[in-house]
Amino acid sequence: MRDMTEVLRRFEAHAADEDRKATHEVYGESFEDAAFAFIERWRPGADENGEIQVQLTDCESGERQCFRLDLDSGVSGSCD
């Protein structure tokens, strides 16, 4: 359960290999948290390595980041 003092930020997210028309609104404490919220709700298809790349935009600041999420291990990292 989330601590009520935590502030959730609003993000726009889509799988990096999908068109921006497939963008959805998600909330999270961080970019990484929002990336996991996105895949839990919309379950985009993974690549041949079992990974999903999620492109996120912070709706308040406009900052963009991309996260690579390994569905088997739960490990995440930058798309770099």
Worksheet entry | Audit row: F11, F31, ring-ring contact (aromatic ring centres under 6.0 Å, His included) steps and yes/no | CA-CA 8 Å; F11 296 88; F31 279 92; 4.9 Å; yes

Worksheet item: Which residue pairs satisfy the disulfide bond (SG atoms under 2.5 Å apart) criterion with at least one member in residues 6-62, sequence neighbours excluded?
Response: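 For residues 6-62: none.
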
Worksheet item: Residues two or more places apart in sequence or in another chain: which of them pass ring pair (Phe, Tyr, Trp, His ring centres under 6.0 Å) with F38?
Response: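 Applying ring pair (Phe, Tyr, Trp, His ring centres under 6.0 Å) to F38 gives W42.
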
Worksheet item: With sequence neighbours excluded, what pairs up with R9 under the side chain to side chain donor-acceptor pair (under 3.5 Å) test?
Response: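 R9 satisfies side chain to side chain donor-acceptor pair (under 3.5 Å) with D58 once adjacent residues are dropped.
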
Let me have the donor-acceptor pairs involving side chains of residues 50-57, under 3.5 Å, with sequence neighbours excluded, atom names and distances please.
from	atom 1	to	atom 2	distance (Å)
Q55	NE2	Q65	O	3.3

Worksheet item: Partners of C79 by disulfide (SG to SG under 2.5 Å), sequence neighbours excluded?
Response: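 If we apply the disulfide (SG to SG under 2.5 Å) test to C79, skipping adjacent residues, the hits are C66.
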
Practice prompt. List the atom of F36, the atom of G74, and the distance in Å for their closest heavy-atom pair.
Written response: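 Shortest heavy-atom separation between F36 and G74 comes out as CZ-O, 3.4 Å.
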
Discussion item. The test is salt bridge (Lys or Arg N to Asp or Glu O under 4.0 Å); show your working for E25 and R10 and say whether it passes.
Written reply: CA-CA 7 Å; E25 185 177 84; R10 186 170 61 100; 3.0 Å; yes

Discussion item. If the condition is salt bridge (charged side-chain N to carboxylate O under 4.0 Å, His left out), which residues does E18 pass it with, not counting sequence neighbours?
Written reply: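 Partners of E18 under the salt bridge (charged side-chain N to carboxylate O under 4.0 Å, His left out) test: none.
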
Discussion item. I'd like to know if L71 and V26 are part of one continuous hydrophobic network [Ile/Leu/Val/Met/Phe/Trp/Tyr, side-chain heavy atoms within less than 4.5 Å].
Written reply: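 Shared cluster, yes.
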
